[in-house]
Number of protein chains: 2
Amino acid sequence: MKKSVHPAAVSLLAVAKEAGVSRATASLVLRDSPLVAEPTRERVRAAMARLGYIYNRGAANLRQNRTGTIGLVLSNIANPFFSSLTAGVDEANDASGAICFIANSAESPEKQSRQIRRLREHNVDGLIICPAIGSDHTLIDELRLLALPYVQVLREIPGSEGDVVSVDYGLGIEQAVAYLVAMNRRNIVFVGAMETHSAAQARVEGFRRAIRHFGLAEMPLVEAMGGNGYNESALDALFDSGPRPDAAICYNDLIALTLFHHLGRRALKIGTDFAVVGMDDLPQAKAPTLP
Amino acid sequence: MKKSVHPAAVSLLAVAKEAGVSRATASLVLRDSPLVAEPTRERVRAAMARLGYIYNRGAANLRQNRTGTIGLVLSNIANPFFSSLTAGVDEANDASGAICFIANSAESPEKQSRQIRRLREHNVDGLIICPAIGSDHTLIDELRLLALPYVQVLREIPGSEGDVVSVDYGLGIEQAVAYLVAMNRRNIVFVGAMETHSAAQARVEGFRRAIRHFGLAEMPLVEAMGGNGYNESALDALFDSGPRPDAAICYNDLIALTLFHHLGRRALKIGTDFAVVGMDDLPQAKAPTLP
DNA sequence: AAAGCGATTTAGATCGATCTAAAAACGACG
DNA sequence: CGTCGTTTTTAGATCGATCTAAATCGCTTT
């Protein structure tokens, strides 16, 4: 008589016995191989149902040397922009049968490296990564050393050669400037500038290009501060001296939302006194607009 | 001469050979067992470094029958509220060495069930789940059948007995009403009502309790519509007939943001003409408030 | 009846770790 | 020097699937 805490998980061997076939045949049925005869297939299927068999992917993975798992390494899970990204990845996975590990680097290259190693130990088939601010080529070296296939999203380590899925931020900003110019705005200020990663650089560069192209007033950039904020006193200074800004292009929608706050205090009516353009198209950003 | 696509991954056996010990000893070193003599431990460590050994958790998991992985099943990844939740879980995991699979049920019980089975096949140690709208006791039955330990978050299947981590939504709403009453608001309307899941019911019940308790005007609830919206014409009807509402409590912050839109159209000044209370404390919700 | 051939089925090795139970090494001691 | 008690090391089984190479079955063909 054997003691058993758990009801001794049903393995493929148990199924095979129950169906009166070998482990190998049962395995073939699992994988819908055309090699098995129809009656046999049904017998095995019935046995699986009877015993409540649960496929053990872990065991299969060990043998097959792939896992059907992907690591999703994000620089800041809390940013709602990434929520949509994650939802999209999940949808694709649901169709293909893969599944994601999620990991937050929280903009720390050290944590990022720790997470990557952990994912590697779990034998993920590959990585989708938005590199943390401050990541450099050592990230790429590490990925190569670990033999991890990867795709970068949104940001890009310079000279990394691998695949990148991103947004043409520069072009987007240029189009925004063009639109504002068409609305007769001339004194456009950029709010929330950074140079910390490729996606931020691309925006600033696009802005500078557009300003020059349209021959607009060159106003100082208002730098980003902390998570979703910007240097308010710098913006105040712009309002109180020199040519008054009449429009803003914001680094992203969160910055834009914060800017509303500021404009409210100055009693500027958004859309008429002052135009605001954000970036990301968050659903929430629609709320404060006027009809 | 053997052909090898990959450099034939270094296994523990290779490390053991390199260090001149047995597989068992090398394994003990991996797990920092006190059984190994210091010089041996160092020899093995050196061998690991020299060969670039990578721990294969998959193999270990098979033997140990646990994986150090958790399934995080969310009802709607796109809701920014869950971003914070995910970030918190990730932080705890980073400390404990665990890691999360992420899965989105997208408020579909069928997709939810599919995801749960997938997670089970990957041998997750347990589940953190926010049940999709429409989930009932069959969800609990399925989890039990699969022998999956679970914690429910934010929502709760009635009669589920398991652990739940949630928010006292009813109390929160009651406190909001009390606050509004203290600000001399009397005609408070609830915007975005639903009865589809426990967290929604709790809010509505809390609201009703508070209204009765303070003897306030009983105004019809404004129902939720679709993702983050509410029935606008119902709200319009309230404004145009009977006692005029002077405050709103919103189902959540996203509804509140949407409500600003509406109030702007009616040229109501928020905070003076009309008070708005949201729920969730999203950072973005701070943006449109006035100082 | 033996041979041949395609269709099925299977025994046994294998993936890379952990676990158990036992062996080996080492000192101390009588 | 043999015995005993630690301390350290190890051989071999094991987890549950997949893969390879070979065996077996059913029929037809000669």
Side-chain angles (χ1 to χ4, degrees), chain A residues 2-45 47-48 51-69 120-123 125, chain B residues 2-45 47-48 51-69 120-123 125:
Chain A
K2 63 179 170 185
K3 65 175 175 181
S4 67
V5 183
H6 289 296
V10 235
S11 75
L12 202 46
L13 183 60
V15 169
K17 249 178 210 150
E18 170 83 10
V21 299
S22 73
R23 218 157 65 260
T25 305
S27 174
L28 290 174
V29 172
L30 261 189
R31 288 170 288 154
D32 291 314
S33 160
L35 289 182
V36 248
E38 203 47 47
T40 313
R41 181 189 309 281
E42 274 161 27
R43 261 197 354 267
V44 173
R45 288 248 169 82
M48 285 180 176
L51 300 180
Y53 171 72
I54 297 169
Y55 184 51
N56 186 334
R57 252 168 231 281
N61 294 340
L62 176 57
R63 187 64 232 258
Q64 294 186 124
N65 216 42
R66 37 188 193 79
T67 58
T69 62
R120 177 58 237 265
E121 293 186 348
H122 277 284
N123 298 310
D125 291 342
Chain B
K2 63 179 170 186
K3 63 174 174 182
S4 67
V5 183
H6 289 295
V10 232
S11 75
L12 203 46
L13 184 59
V15 169
K17 247 176 213 150
E18 170 83 7
V21 299
S22 74
R23 214 156 68 261
T25 305
S27 174
L28 290 174
V29 171
L30 260 190
R31 289 170 288 155
D32 291 314
S33 161
L35 289 181
V36 253
E38 203 46 49
T40 314
R41 182 187 311 280
E42 274 160 28
R43 261 198 351 269
V44 173
R45 289 250 168 81
M48 286 180 176
L51 299 180
Y53 170 72
I54 297 171
Y55 183 52
N56 186 333
R57 251 169 232 281
N61 293 340
L62 177 56
R63 186 63 231 257
Q64 293 186 122
N65 217 43
R66 39 188 191 76
T67 57
T69 61
R120 177 58 237 265
E121 294 185 349
H122 277 285
N123 298 310
D125 292 341

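Chain letters run A, B, ... following the sequence lines, proteins first and then strands; every chain starts at 1. The analysis underlying the following values was restricted to heavy atoms, covering all of them including side chains, and did not include hydrogens, waters or symmetry mates.
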*Would you say a side-chain N or O of B/T25 is under 4.0 Å from OP1 or OP2 of D/dT8?*
no

*For C/dT18, does OP1 or OP2 lie under 4.0 Å from any side-chain N or O of B/R31?*
yes

*With the threshold set at 4.0 Å, does a side-chain nitrogen-carboxylate oxygen contact exist between A/E38 and A/R41?*
yes

Nearest-Å distance for atom pair [atom1]/[atom2], residues [X] and [N]:
X: B/R41; N: D/dT9; atom1: CZ; atom2: P; result: 9 Å
X: A/K17; N: D/dA17; atom1: NZ; atom2: P; result: 13 Å
X: A/L62; N: C/dT18; atom1: CG; atom2: P; result: 12 Å

*asked:* Let's see if you can work this out: which of D/dT18, C/dT18, D/dT8 has an atom nearest to the side-chain heavy atoms of B/Q64?
replied: C/dT18

*Assign A/A24 to base, sugar-phosphate, or nothing according to its heavy-atom contacts below 4.0 angstrom with the strands shown.*
base

*Which part of the nucleic acid does B/R23 contact within heavy-atom distance under 4.0 Å: base, sugar-phosphate only, or nothing?*
base

_Flag for B/R23-B/S27: side-chain donor and acceptor within less than 3.5 Å_ = no

_Please compare A/R66 and A/N56 by the position of their nearest nucleotide in DNA chain D and report the one closer to 5'._
A/N56

*Could you pick out which residue, A/Y53 or B/S22, lies toward the 5' side of DNA chain D when each is mapped onto its nearest nucleotide?*
B/S22

